[in-house]
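Worksheet: the structure to be examined is printed underneath.
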Amino acid sequence: MRLPRSFYTRGDALSLARRLLGKRLVVPAGAGERVAGRVVEVEAYMGAGDRASHAYGNRRTARTEPMYAEGGRAYVYFVYGLHHQFNVVAGPAGTPEAVLVRAVEPLEGVELMRRRRPGRPDRELTSGPGKLCRALCIDLSHNNEDLAEGGRVWLEDAAPVSPDDIASGPRVGVDYAGADALLPYRLWLRDSPYVSRQK
DNA sequence: CAAGTGATTAGC
DNA sequence: CTAATCACTTGC
């Protein structure tokens with residue numbers, strides 16, 4: 001079952017980031033197959049007031065447009081000439097907040113993931129934002145898709161995560177954001193071996 | 001540890 | 001139009 005719209009619109013990006021940990025990210029892979037992973041690492045991007053956000057100062061361009069939609073849509077973009085990044089849009093329409101999914105633990109379709117990432121140990125199949133998009137085949141065609149209804153990627157509920165198991169720290173790769181780069185908006189499951197390397 | 005890759009953007 | 005900038009990964 002897909003998580004409902006209200007799951008995404010209920011709170012801000014940080015609240016959604018916390019609730020996203022442990023949930024199951026699913027992408028259909030044709031012929032009734034699925035590729036799926038458990039979310040183990042995320043980053044919150046808090047919108048217009050967040051210097052690290054693409055939508056800082058309400059910057060509104062063709063790329064950032066999906067962030068302004070009602071929560072529950074996908075915001076996918078391309079960085080560094082070769083990697084895709086998958087984000088979940090949070091909050092009501094008009095607030096450009098989103099949560100970047102940084103790492104998942106492979107659960108379904110692991111064979112497919114191995115084939116898409118040849119020569120990688122299972123630990124490194126999905127342990128980074130670019131890696132997971134590669135393993136799950138998420139690309140620009142998924143941009144702006146509706147996770148709550150009809151989209152070709154979605155999230156499913158899973159066993160709740162205890163707050164004690166969640167660790168936090170500064171976000172990765174946002175040094176340009178000044179003081180905002182220090183905010184503890186990166187969250188991960190403390191004991192998961194599938195989180196990305198940088199701490 | 002540095003190169004690479006190309007979409008996106010701001011600045012003319 | 002052009003140049004600069006990346007929410008990163010990989011192979012040296």
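Each chain gets a letter, A, B and so on, in the order its sequence line appears, and its residues count up from 1.
- If you check every strand for non-hydrogen atoms under 4.0 Å, A:Arg63 touches sugar and phosphate atoms only.
- Between A:His83 and A:Leu140, the one whose closest nucleotide on DNA chain B sits nearer the 5' end is A:His83.
- Applying the 4.0 Å criterion to OP1 and OP2 of C:dC8, one finds that A:Arg102 has a side-chain N or O inside that range.
- When distances run from any side-chain atom of A:Leu82 to the nucleotides C:dA7, B:dT5, C:dT10, the shortest one goes to B:dT5.
- Side-chain N or O atoms of A:Arg171 include one that pairs as donor or acceptor with a backbone N or O of A:Ala44 at under 3.5 Å.
- With hydrogens and angles ignored, the 3.5 Å screen pairs no side-chain donor or acceptor of A:Arg152 with any backbone N or O of A:Val27.
- Both A:Val174 and A:Arg134 lie near DNA chain C, and the one whose nearest nucleotide falls closer to the 5' end is A:Val174.
- Phosphate contact (OP1/OP2 of C:dT5, side-chain N/O of A:Tyr80, threshold under 4.0 Å): absent.
- Between the side chain of A:Tyr77 and the base of B:dA7, no donor-acceptor pair under 3.5 Å is found.
- Exactly one residue among A:Ile166, A:Asp165, A:Val40 makes a side-chain contact (heavy atoms from CB on, under 4.5 Å) with A:Leu21. That residue is A:Ile166.
- Classified by interplanar angle (parallel below 30°, tilted 30° to 60°, perpendicular above 60°), the ring pair A:His84/A:Phe78 is tilted.
- With rounding to the nearest 0.5 angstrom, the CZ atom of A:Arg34 is 9.5 Å from the CG atom of A:Leu107.
- Backbone-only engagement by A:Arg59 is indicated by non-hydrogen atom pairs under 4.0 Å involving sugar-phosphate atoms exclusively.
- Comparing atom distances between the A:Lys131 side chain and each of C:dA7, B:dG6, C:dT10 picks out C:dT10 as nearest.
- Base contact: A:Met67 has a heavy atom under 4.0 Å from a base atom.
- Checking the phosphate oxygens (OP1, OP2) of C:dT10, a side-chain nitrogen or oxygen of A:Arg117 falls inside 4.0 Å.
- Across all strands shown, nothing is found opposite B:dT5 as a Watson-Crick or G-U wobble partner with both distances under 3.5 Å.
- Checking B:dG6, C:dA7, C:dC6 against every side-chain atom of A:His54, the shortest atom distance belongs to C:dA7.
- Stacking here means ring centres nearer than 5.5 Å and ring planes tilted less than 30 degrees, and by that measure A:Tyr45 stacks onto C:dA7.
- When the nucleotides C:dG11, B:dT9, C:dA7 are ranked by their closest atom to the side chain of A:Thr61, B:dT9 comes out on top.
- With its glycosidic angle within 90° of 0, C:dA7 is assigned syn.
- Between A:Arg120 and C:dG11, a side-chain N or O to OP1/OP2 separation shorter than 4.0 Å is present.
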